[in-house]
Chemist: 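Take this structure first; my questions come after.
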Amino acid sequence: MKNIVILISGRGSNMQALLEADIPCHIAAVISNRADAKGLEIARAQGIPTAILDHKDYADREHFDTALASLIDTFMPDVVVLAGFMRILGAAFVMRYMGRLVNIHPSLLPAYGGLHTHARVLQDGAKIHGCTVHFVTPDLDHGPIIIQAAVPVLSDDTEQTLAERVLHEEHRIYPQAISWLCSGQTELGSDGQIKLLHRKQPGFTLISPELE
Ligand code: GRF
């Protein structure tokens, strides 16, 4: 069974979704760069080993990344899962875990990389939004896409209601993506393309606003 390590910085709802899903893997540890991350309590309550590595204890990103990699490697993970980990990881770190490092982002990448995605979607008047699970590459929020979920943006949405709708889908697609990775149904090919054995295609179109 494959080992995974989950990195968080805060609430940890995606981590919780992974802990509660029936994924064919062993969750070896949850690591946070913040001691006050709520997700740590959830992990501890479920008996998952936790560790804290505060980025403020390191002079720069390079030193933090090196210490983080050393800590991660003590758990010998096959897959490293970023679940709301709010630190940018340097190229050396990313290359070390290439093909084993995945992230979830609250937008339909490659649109709306970066922060404040829901507010920016509302500001732009986009009618469809969503979330993406992707392999991490040195190019921030641009790695090969494993799975996405789309949701409509409703006319009365606030940043909060839109975030909740997207988060609901995050909690569905992240366990699926990690399950595929752990069961060997998806991988990052040496050509940088996703290999996905699961080929069931979606059977509908999301049109927003709805046709009359
Ligand atoms: C999620 O929206 C995720 O897509 C983004 O950060 C947020 C983390 O939320 N990367 P949580 O800590 O998993 O609840």
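When a ligand or atom number is given, it counts from 1 through the structure's own listing order. All values derive from a computational prediction rather than experimental measurement.
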Chemist: In terms of residue, atom name and distance, what is the protein heavy atom nearest to atom 10 (N) of ligand 1?
Modeler: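 The answer is Ile104 O, 3.0 Å.
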
Chemist: Between Met86 and ligand 1, which residue portion shows a heavy-atom distance shorter than 4.0 Å: side chain, backbone, both, or neither?
Modeler: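 It is neither; nothing of Met86 touches ligand 1.
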
Chemist: Looking only at distance, does Asn103 have an N or O less than 3.5 Å from an N or O of ligand 1?
Modeler: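 No.
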
Chemist: Specify the protein heavy atom at minimum distance from atom 9 (O) of ligand 1: its residue, its atom name, and the distance to 0.1 Å.
Modeler: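 The closest heavy atom on the protein side is Arg11 NH2, 3.1 Å.
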
Chemist: In terms of the angle between their ring planes, are His118 and His129 parallel, tilted or perpendicular, with boundaries placed at 30° and 60°?
Modeler: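 The rings of His118 and His129 stand perpendicular, inter-plane angle above 60°.
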
Chemist: Among all protein heavy atoms, pick out the one at the shortest distance from atom 11 (P) of ligand 1; state its residue, atom name and that distance to 0.1 Å.
Modeler: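 Among all protein heavy atoms, the one nearest atom 11 (P) of ligand 1 is Ser13 N, 3.4 Å.
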
Chemist: Do Tyr174 and Ile145 belong together in a cluster built from hydrophobic side chains that touch within less than 4.5 Å?
Modeler: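 No: no chain of side-chain contacts under 4.5 Å links Tyr174 to Ile145.
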
Chemist: With sequence neighbours left out, write down each residue that passes salt bridge (Lys or Arg N to Asp or Glu O under 4.0 Å) with Arg34, or none if nothing qualifies.
Modeler: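 Testing Arg34 for salt bridge (Lys or Arg N to Asp or Glu O under 4.0 Å), a comparison that skips the adjacent residues, returns Asp36.
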
Chemist: Salt bridge (Lys or Arg N to Asp or Glu O under 4.0 Å) with Arg172: which residues, sequence neighbours excluded?
Modeler: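 Only Glu169 meet the salt bridge (Lys or Arg N to Asp or Glu O under 4.0 Å) criterion with Arg172.
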
Chemist: Below 4.0 angstrom, N of the basic side chain to O of the carboxylate: do Arg96 and Asp73 qualify?
Modeler: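 Asp73 and Arg96: salt-bridged.
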
Chemist: Specify the protein heavy atom at minimum distance from atom 4 (O) of ligand 1: its residue, its atom name, and the distance to 0.1 Å.
Modeler: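 Protein heavy atom with the smallest distance to atom 4 (O) of ligand 1: Glu170 OE1, 2.7 Å.
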
Chemist: side-chain hydrogen bond (donor to acceptor under 3.5 Å, both in side chains) between Tyr112 and Asp141: does it pass, once the steps are laid out?
Modeler: CA-CA 9 Å; Tyr112 299 103; Asp141 293 335; over 6 Å; no

Chemist: So is Gly12 polar-close to ligand 1, meaning N/O to N/O under 3.5 Å?
Modeler: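 For ligand 1, there is an N or O atom that lies under 3.5 Å from one belonging to Gly12.
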
Chemist: Check each of Val166, Leu115, Leu18, Asn14 against atom 13 (O) of ligand 1 and report the one with the nearest heavy atom.
Modeler: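 It is Asn14 whose heavy atom sits nearest to atom 13 (O) of ligand 1.
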
Chemist: Would Pro106 count as a contact residue for ligand 1, given that I'm defining contact as a non-hydrogen atom of the residue lying under 4.0 Å from a ligand atom?
Modeler: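 Contact check Pro106 vs ligand 1: positive.
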
